[in-house]
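Okay, structure first, notes after.
The shown structure was predicted, so the numbers you read here are calculated from the model rather than taken from an experiment. Both counts, for ligands and for their atoms, begin at 1 and track the order of listing. In this chain, residues are counted from 1 in sequence order.
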Amino acid sequence: MSFAATILTLYPEMFPGPLGLSLAGRALEQGRWSLDAVQIRDFATDRHRTVDDTPAGGGAGMVMRADVLARAVDSAPAGLPRIAMTPRGSPLTQTRVRDLAAGPGVAILCGRFEGFDERIFEARDIEPVSIGDYVLSGGETAALVLLDACIRLLPGVMGAASSGDDESFEAGLLEYPQYTRPVEWEGRTIPEVLRSGDHARIAAWRHARAAADTRLRRPDLWERYGGDPVQSPSGARRDSKE
Ligand code: ADE
């Protein structure tokens, strides 16, 4: 069974892009996943092939029209979960990626301009998804990110490396740090415990480092994991003002 990706975009030439190379590229050649990049403009009906219009209520930029988007979405294979890439969406997680990778594929709507006419989401059962709290110039690079995360989990794409329970997020923590030879480099040495051959000690060290790094870098993950609350400097300031 192959993973079917349909991308609805104004820039189909952006696909497969980087996913045509390396592991994803080989998997594409092997038929482990398939790609159909569809030009949204082909579903416009006027002479100028218009896909957008000015925002209702005023404001800057242009909005992608629901009627044109709907025809594009309706052309995608039935039975695929539908996702729209937008900074207004729910954050993409490894859990969602795993769910998607275990399914038949995905249809992804990529936005340009100021975004989509909001009515499209409910009317066509489309899940808005964001890849992070920053704004890209369009949804295409976000779609590549989502697809990359799914494809590496498909059977036969990465072998044992992607099935590891050690991976970042799999246990609710960031992954532990890695080292390789040379043992000494620019005066810095690989932690002694990793050279000890004592598997229990190594496992304990790795867990402790995963916890410490998560607490420091991702206090949000740390608190969800059940770690002690992390006091943020800005939080302290906010508290004293209140
Ligand atoms: N389109 C523009 N910015 C985006 C983001 N952060 N995530 C998903 N799609 C986007």
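- A salt bridge does not link Arg112 with Asp52: every distance from a Lys NZ or Arg NE/NH1/NH2 to an Asp or Glu carboxylate oxygen is 4.0 Å or more.
- Contacts of Phe3 classified as ring pair (Phe, Tyr, Trp, His ring centres under 6.0 Å), with partners at least two apart in sequence or in another chain: none.
- Electrostatic pairing of Arg201 and Glu192 counts as a salt bridge here, judged by a charged N lying under 4.0 Å from a carboxylate O.
- A salt bridge links Asp74 to Arg124: at least one charged side-chain nitrogen sits closer than 4.0 Å to a carboxylate oxygen.
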Show me a pair-per-line table, with atom names and distances to 0.1 Å, of protein N or O atoms that are under 3.5 Å from an N or O of ligand 1.
residue	atom	partner	partner atom	Å
ligand 1	3 (N)	Leu136	N	3.0
ligand 1	6 (N)	Gly132	O	3.1
ligand 1	6 (N)	Tyr134	O	2.8
ligand 1	7 (N)	Ile131	N	3.0
ligand 1	9 (N)	Thr86	N	3.1

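- Residues satisfying the side chain to side chain contact (heavy atoms under 4.5 Å, CB included) criterion with Ala101, sequence neighbours excluded, are Cys150, Leu153, Leu154.
- Listed by chain and number, the residues in a side-chain hydrogen bond (donor to acceptor under 3.5 Å, both in side chains) with Glu127 are Arg96 (sequence neighbours excluded).
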